[in-house]
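From a predicted model like this one, the values you see are computed outputs, not experimental measurements.
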Amino acid sequence: MKNTRLALASLIALGLSACGGGGGGSSTATATTTDPAITISAGNMTTVAGMGASTVDMNISVQQTSTDYVIGAEIQPQAAAKGPDLASLSLALLQKIKKSAPSNALAVGAQILETYPCANGGSVQYSATIADLNSDTFTPGDKGSLTMNACSELGVVLNGALDFTVVSFVSDLNTVGGSEKHQLTYRDFKITNGAESLTVTGSSSFDIARPTLEKLTGALSSDSLSYTAQKGSQTGTLTLTGYRISFDRSEATRATTTTVSGTSTFNFPALRGRFAVSTVEPITASADRTETGGKVKILGNNSALYLTYLSETQVKIELDSNNDGVIDSTTTGTVAALGTSLWQ
């Protein structure tokens, strides 16, 4: 069931890649799209960079993981380091659905209803309306839903639902000229890892095509996606509006070149506000979804920040405090430190 492979991979990657480190203190935070654009200054530039880097990393991770699953590729072993058992968790759940015998399903015409137990308790229910139950390919209009009921797998617990619809399908992606497009809707989909959790609500679309044997191209876009992150007694929220992530992927290396644009509205213990993100130089990322190069602009209230990826671990942060094109302050930092700065 190829539909399930894409949908489940997308939502798990989305959740786990958005979870970062931190802890301590307490906060109740809610981001709204009416929050004013943040004024970026020397005093908050590192924390703003942390929010920008987290947004870029989340989108790159979701795009690459979705691509791997929709074309049936194996996840790189290094990718598990990007989140708590990301690759293993995804594969474990997907294999349960993919390998279950059709006789276990309730099928009436094109209707499917299946429930699978999770390894450590709970279940996942898969319901769908499929035009051709015996085909390995999609038909536009095929739709389904995944409902997670306290599904416990490899240290995390999943709840909530995801709906997906096949918008278009033009031959298999192993064939030059092949393309697919899917619409995903997240309904209070929650991933819990100990004292940390992330809840996703909203919709997105994912389209991908193979123009040549050596390359895949595609885009992940969303009018609105909202995330609520919980770390102990701390809460942070992030809403992405008007986001589009366009990419080219090399089949030889699985590395990607990506552009990102959109608006982020956020409320975390260390930072609240809104900014726009655009790509100055395309972002390069390795097969394990680690950014290795590229540059993005973070535009606030008459102020801007430039984030340049120097290596897999290091970034350069440049402040233009009045958005006049002149850099007023420059510093460097690690991606890991930027992520934790949001929770301090």
Q) Does a side-chain heavy-atom distance below 4.5 Å link Val124 with Tyr126? A) no
Q) Which residues pass the ring pair (Phe, Tyr, Trp, His ring centres under 6.0 Å) test with Phe275, sequence neighbours left out? A) Phe266
Q) Which residue pairs pass the ring pair (Phe, Tyr, Trp, His ring centres under 6.0 Å) test when at least one of the two sits in residues 41-60, sequence neighbours left out? A) none
Q) Quick one: side-chain contact (heavy atoms from CB on, under 4.5 Å) partners of Thr47, sequence neighbours excluded? A) Ala270, Leu271, Ser341, Leu342
Q: Output all residues satisfying side-chain contact (heavy atoms from CB on, under 4.5 Å) with Ser168, sequence neighbours left out; order by chain, then residue number.
A: Lys181
**Q.** Partners meeting side chain to side chain donor-acceptor pair (under 3.5 Å) with Asn322 (sequence neighbours left out)
**A.** Asp324
Q: For a side chain to side chain contact (heavy atoms under 4.5 Å, CB included) with Leu158, tell me which candidate from Ser152, Cys151, Cys118 qualifies.
A: Cys151
Q.
Main chain of Gly232, side chain of Glu196: is a donor-acceptor contact present, judged purely on distance under 3.5 Å?
A. no
Q) In the hydrophobic cluster built from side-chain contacts under 4.5 Å, what are the other members alongside Val167? A) none
(Q) Going by the rule side-chain contact (heavy atoms from CB on, under 4.5 Å), which residues pair with Glu281 if we only count those two or more places apart in sequence or in a different chain? (A) Lys295
(Q) Restricting to side chain to side chain donor-acceptor pair (under 3.5 Å), what partner residues turn up for Thr284, sequence neighbours left out? (A) Thr292
(Q) Can you list everything that forms a side-chain contact (heavy atoms from CB on, under 4.5 Å) with Asp248? Sequence neighbours excluded, please. (A) Lys215, Thr217
**Q.** Residue pairs fulfilling salt bridge (charged side-chain N to carboxylate O under 4.0 Å, His left out) with at least one residue in residues 327-344, sequence neighbours excluded
**A.** none
(Q) Which residues end up grouped with Val280 if you chain together Ile, Leu, Val, Met, Phe, Trp and Tyr wherever their side-chain heavy atoms are less than 4.5 Å apart? (A) Tyr306, Ile327
(Q) Using every non-hydrogen atom in the two residues, find where Ile38 and Ser303 come nearest and quote the distance to one decimal. (A) O-OG, 3.9 Å
Q.
Please check if the number of heavy atoms outside Asn301 that lie under 6.0 Å from its CG is greater than 12.
A. yes
Q.
Using the side chain to side chain donor-acceptor pair (under 3.5 Å) criterion, which residues pair with Arg187? Sequence neighbours excluded.
A. Ser145, Asp163
